[in-house]
Visitor: 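Next up is a structure, given as structure tokens.
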Amino acid sequence: MIQTGLIQNVHDDLLTDVSYDFYGLHFATCSLDQKIKVWSLDESTGIWSVEDEWKAHDAAISKVSWAHPEFGTILASASFDRTVKIWEQTTYAAAMELQPNTFSATQPATGGSSSRWSERATLVDARGTVRAVEFAPHHFGLKLATISTDNHLRIYECIEQSSLATWQLSEEVDVTSLPIASHPSSHSVALGTPTHTSATLDGASASLVAQALQQSQGSLQGRGGLGNREADGGWCISWCKERYWGEVIAAGSGISGTIKIVQISPSRRPTTLLTLDPSPTGKLLAEGNTAGAAQGESDAPTPYAVTTVAWAPSCGRSYHLIATGSRDGHVRIWKVKPAEENDMDDDSGGTKWTASIAADFDNHRSAVGRVEWNITGTVLSSAGNDGRVRLWKATIGGVWRSAGSIGVEQTEDEDANMDENAAGVAD
């Protein structure tokens with residue numbers, strides 16, 4: 001049985017992101033109302049309440065991300081004002097001493113909170129609206145990645161961890177023009193398990209956020225006929241959680257409908273290890289055969305932008321799981337395998353990565369806004385414009401199935417189906 005709770009009137013406008021901290025006892029929310037709210041859990045009652053809230057940006061906030069607690073209590077926020085801001089929780093008295101002139105901007109929420117969040121740095125390199133921000137795994141140090149509608153992936157590293165004031169832009173690269181590593185391996189689009197559904201959509205449902213924030217800017221770079229507005233695109237990132245392969249990040253940009261697995265190296269420019277493309281021309285794209293891709297382009301179905309990506313914790317698996325959600329309503333689970341050590345590429349020092357689609361669901365039947373894994377990478381959740389959060393879990397035989405769904409408004413039939421599905425995938 002899935003236990004749920006409802007928090008009414010979280011923000012004054014559309015909620016754009018929710019992010020839990022490392023311990024799961026706090027979460028941060030952001031909204032079109034330009035505010036961030038931090039919520040805390042009363043473990044004795046199970047009730048969530050607002051601990052702090054403040055106006056954080058001059059435009060809608062798209063994402064928030066928590067740093068690992070070994071660096072302190074730190075948040076990063078990305079906004080449509082083209083900035084990323086770094087926030088640190090301090091005691092109220094200490095914050096007043098450090099920033100007495102900014103009291104009115106971030107004073108604590110009514111409710112007796114003794115802490116406040118102070119702005120430590122503002123990153124202003126983006127030339128488009130910043131759509132995603134995520135701190136790197138803690139073993140790489142205090143770093144974060146951002147991606148914006150200028151299609152650039154940016155990696156920042158904190159130089160002064162004591163003050164959080166100085167952040168160095170260590171990498172800046174256009175995702176759409178990233179070079180492919182030598183001898184890349186293609187991926188297979190054949191389904192690994194019988195999970196593909198036959199239902200199709202007549203068109204893509206633009207997300208509520210995109211509808212509210214359509215901007216009449218220039219055309220996006222990409223293949224013709226796929227849309228030329230920011231509302232048609234998707235920009236998302238997710239770090240690989242494993243240390244062994246170095247700094248590797250999954251990034252989606254624009255309207256291509258693909259995810260690139262990007263390797264960040266201090267000794268060379270970022271390169272693409274693999275491209276995850278569910279279209280029939282995906283193999284050609286992964287091999288860098290642009291001529292072949294162009295030839296089959298007219299016969300291929302129109303790709304829809306990937307709006308969200310989540311790299312699962314490995315937990316000892318010999319392969320990686322990467323989940324994606326798209327504007328076509330599909331939730332896809334990719335099984336990604338790095339090369340064996342004896343398959344190392346002698347010329348580039350890279351490895352040959354391969355991938356296949358392990359599951360493909362279109363139950364949302366509308367744009368998917370978020371996918372997220374649990375801490376062990378065994379259960380996937382997805383949220384769509386159908387107003388439901390759906391759970392997915394693999395059976396003992398490795399077949400991914402629905403583990404139930406929840407929504408603001410439940411019916412008796414939906415509850416019954418949810419319980420039945422959850423019982424069917426129980427270990």
Side-chain angles (χ1 to χ4, degrees), residues 1-12 15-31 33 35-54 56 61 63-77 86-95 106-118 133-135 137-139 142 164 241 310 312-313 315 370-383 387-393 403-410 415 418-419 422-423 425-427:
M1 180 66 182
I2 302 175
Q3 296 182 350
T4 64
L6 178 64
I7 304 175
Q8 298 280 6
N9 304 319
V10 174
H11 281 270
D12 297 330
L15 187 71
T16 54
D17 194 29
V18 179
S19 178
Y20 281 88
D21 72 349
F22 180 81
Y23 301 106
L25 299 178
H26 294 81
F27 68 80
T29 61
C30 60
S31 167
D33 63 11
K35 292 181 179 180
I36 294 175
K37 292 187 179 183
V38 176
W39 303 72
S40 62
L41 174 65
D42 185 333
E43 295 184 80
S44 61
T45 62
I47 296 177
W48 291 91
S49 59
V50 178
E51 185 177 84
D52 290 281
E53 67 173 285
W54 66 97
I61 305 172
K63 291 287 183 180
V64 287
S65 177
W66 294 84
H68 192 275
E70 76 172 64
F71 303 112
T73 309
I74 303 170
L75 272 174
S77 58
I86 310 299
W87 307 90
E88 183 181 26
Q89 187 181 36
T90 61
T91 63
Y92 185 62
T106 59
Q107 61 183 357
T110 56
S113 174
S114 60
S115 66
R116 86 174 263 212
W117 289 81
S118 300
V133 60
E134 183 175 312
F135 280 100
H138 66 98
H139 41 260
L142 188 52
L164 302 176
K241 312 302 188 289
C315 293
R370 181 73 175 268
V371 291
E372 194 66 58
W373 294 94
N374 67 340
I375 195 171
T376 58
T378 55
V379 178
L380 176 70
S381 62
S382 62
R388 305 192 69 80
V389 175
R390 301 180 184 274
L391 303 180
W392 315 96
K393 186 177 180 181
S405 67
I406 53 178
V408 176
E409 297 181 0
Q410 293 277 12
D415 284 334
M418 179 179 66
D419 295 340
V425 297
D427 288 337

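Nothing here was measured: the structure is a model prediction, and the numbers come from that model.
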Visitor: At their closest point, which heavy atom of S65 faces which heavy atom of S19, and how far apart are they?
Guide: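 In terms of heavy atoms, the two residues are closest at CA-OG, 4.1 Å.
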Visitor: Roughly how far, to the nearest 0.5 Å, is the CH2 atom of W48 from the NZ atom of K37?
Guide: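 Output value for this atom pair is 15.0 Å.
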Visitor: Mind checking the CD-CD1 spacing from E88 to I74? Nearest 0.5 Å is all I need.
Guide: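 E88 atom CD to I74 atom CD1 measures 5.5 Å (nearest 0.5 Å).
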Visitor: Does the side chain of V10 reach to within under 4.5 Å of the side chain of V18, using non-hydrogen atoms?
Guide: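 No; the side chains remain at least 4.5 Å from each other.
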Visitor: In Å, rounded to the nearest 0.5 Å, how long is the span from CZ of F27 to OH of Y20?
Guide: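 Reported to 0.5 Å precision, the distance equals 5.5 Å.
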Visitor: Are any non-hydrogen side-chain atoms of T29 and K35 less than 4.5 angstrom apart?
Guide: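 Of all side-chain heavy-atom pairs linking K35 with T29, none is under 4.5 Å.
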Visitor: Let me see the working for W87 and S118 under side chain to side chain donor-acceptor pair (under 3.5 Å), right down to the final yes or no.
Guide: CA-CA 5 Å; W87 307 90; S118 300; over 6 Å; no
Visitor: Aromatic rings H26 and W66: how do their planes relate, parallel, tilted or perpendicular, breaks at 30° and 60°?
Guide: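 It falls in the tilted class, 30° to 60°.
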Visitor: About how many Å separate CD1 of I36 and CD1 of I61, when rounded to the nearest 0.5 Å?
Guide: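 Going from the CD1 atom of I61 to the CD1 atom of I36 covers 4.5 Å.
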Visitor: Establish, from distance only, whether the side-chain atoms of S405 and R388 form a donor-acceptor pair under 3.5 Å.
Guide: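 S405 vs R388: donor-acceptor pair found between side chains.
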Visitor: Please report the shortest heavy-atom distance between G377 and A312, naming the atom on each side.
Guide: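 Nearest pair, atom of G377 first, then A312: CA-CB, 4.1 Å.
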Visitor: Hey, are the side chains of W392 and V379 touching, using non-hydrogen atoms and a 4.5 Å cut-off?
Guide: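 No. Closest side-chain heavy atoms not under 4.5 Å.
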Visitor: Closer than 3.5 angstrom, by distance alone: can the side chain of D52 be matched with the main-chain N or O of V38 as a donor-acceptor pair?
Guide: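 Flag not set: sc D52 to bb V38 has no pair under 3.5 Å.
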Visitor: More than 12 heavy atoms of other residues, nucleotides or ligands under 6.0 Å from CD1 of I375: is that the case?
Guide: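 Count not over threshold, so no.
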Visitor: Heavy atoms only: give me the nearest S31-T16 pair and the separation to one decimal.
Guide: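 Smallest heavy-atom distance, with atoms named: N-OG1, 3.5 Å.
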Visitor: Check whether any side-chain N or O of D42 sits under 3.5 Å from a backbone N or O of I47 as a donor-acceptor pair, and report yes or no.
Guide: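 Absent.
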Visitor: For a quick check under 3.5 Å, do S49 and W39 share a side-chain donor-acceptor pair by atom type?
Guide: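 On atom types as modelled, these side chains do not qualify, holding no pair under 3.5 Å.
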Visitor: What's the separation between atom NZ in K393 and atom OG in S381, rounded to the nearest 0.5 Å?
Guide: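 It is 13.5 Å, given to the nearest 0.5 Å.
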Visitor: Assess whether side-chain contact (heavy atoms from CB on, under 4.5 Å) is satisfied between E51 and Q89, documenting all intermediate values.
Guide: CA-CA 11 Å; E51 185 177 84; Q89 187 181 36; 3.2 Å; yes
Visitor: Please report the shortest heavy-atom distance between W373 and A310, naming the atom on each side.
Guide: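 Looks like NE1-O, 3.0 Å.
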Visitor: Mark yes or no for whether N374, through its side chain, and T378, through its backbone, hold a donor-acceptor pair below 3.5 Å.
Guide: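 Checked: pair present.
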Visitor: Would you say the ring centroid of H68 lies under 6.0 angstrom from that of F22?
Guide: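 Ring centroids of H68 and F22 are less than 6.0 Å from each other.
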Visitor: Are any non-hydrogen side-chain atoms of D17 and R370 less than 4.5 angstrom apart?
Guide: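 With C-beta onward as the side chain, the pair touches.
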Visitor: Which atom pair, heavy atoms only, marks the closest approach of H139 to K241?
Guide: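 Shortest heavy-atom contact: CE1-O, 3.3 Å.
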Visitor: Which distance, rounded to the nearest 0.5 Å, do you find between the CZ of R390 and the CG of L380?
Guide: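 With rounding to 0.5 Å, CZ (R390) is 12.5 Å from CG (L380).
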Visitor: Does W54 use its side chain to pair, donor to acceptor, with the backbone of W117 at less than 3.5 Å?
Guide: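 It does not hold such a pair.
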